[in-house]
Amino acid sequence: MVDEQERLLPIANVGRIMKQILPPSAKVSKEAKQTLQECATEFISFVTGEASDKCRKENRKTVNGDDICWALGALGFDNYADTIVRYLHKYREVERDKATQNKATCISSQDKDEESSEDKSNQPPHQQAEAPSTRV
């Protein structure tokens, strides 16, 4: 039974997702959580298996978001595929913006470090900070 539980999505996560959709006063039985846990795990395995087969035929080792979208469509889940494609594009856009922002922050930080170094090197020798000596 331990191997089976390791294969499944965490039941706490499944229950949390279920409760987000329901009214606050609604309860979810353990049986309902377990049933949806097995269904969701099977669905993910089914779609991932199809995407993996495509990758194998194309001699690729990595399944990516585009492969998952393709698999959803190939398996007849076109409505899900369209939604996931839109999500994937937005996700990539946000990640690209984050990377651009991080790059700008790093460049700005480097510029400040260089300015600070230049300021110190322009000072007369008696005002420059000395590096602490280290003894071995």
Discussion item. Testing the basics here: between L88 and C69, what is the closest heavy-atom pair and its distance to 0.1 Å?
Written reply: CD2-SG, 4.1 Å

Worksheet item: Nearest 0.5 Å, what's the CD1-CG distance between I84 and L72?
Response: 6.5 Å

Worksheet item: Are V85 and Y80 grouped together when hydrophobic residues (ILVMFWY) are joined by side-chain heavy atoms under 4.5 angstrom apart?
Response: no

Item to complete: Please test L9 against I44 for side-chain contact (heavy atoms from CB on, under 4.5 Å), starting from the C-alpha separation and ending with a verdict.
Response: CA-CA 10 Å; L9 293 170; I44 291 169; 3.9 Å; yes

Item to complete: For residues 42-70, pull every pair meeting ring-ring contact (aromatic ring centres under 6.0 Å, His included), keeping only residues two or more places apart or in separate chains.
Response: F43-F77

Worksheet item: Pairs in or reaching into residues 45-61: which pass salt bridge (charged side-chain N to carboxylate O under 4.0 Å, His left out), with residues at least two apart or in two chains?
Response: D53-R56, K54-E58, K54-D67, E58-R60, R60-D67

Fill in: Contacts of type salt bridge (Lys or Arg N to Asp or Glu O under 4.0 Å), residue D78, not counting sequence neighbours
none

Worksheet, complete the sentence: Correct closest heavy-atom pair for A51 and A71 would be N-CB, 3.7 Å

Worksheet entry | With K90 via salt bridge (Lys or Arg N to Asp or Glu O under 4.0 Å) - residues at least two apart | none

Worksheet item: What are the two closest heavy atoms between A81 and G73, and how far apart are they?
Response: CB-N, 3.8 Å

Practice prompt. Kindly state each residue pair satisfying ring-ring contact (aromatic ring centres under 6.0 Å, His included) with at least one member in residues 17-36, sequence neighbours excluded.
Written response: none

Discussion item. Does any part of the side chain of E93, heavy atoms only, come nearer than 4.5 Å to the side chain of R96, both counted from C-beta?
Written reply: yes

Worksheet entry | Sequence neighbours excluded, every pair satisfying side chain to side chain donor-acceptor pair (under 3.5 Å) that has a member inside residues 16-44 | N13-R16

Worksheet item: Between CG of L8 and CG of L36, what distance do you get to the nearest 0.5 Å?
Response: 11.5 Å

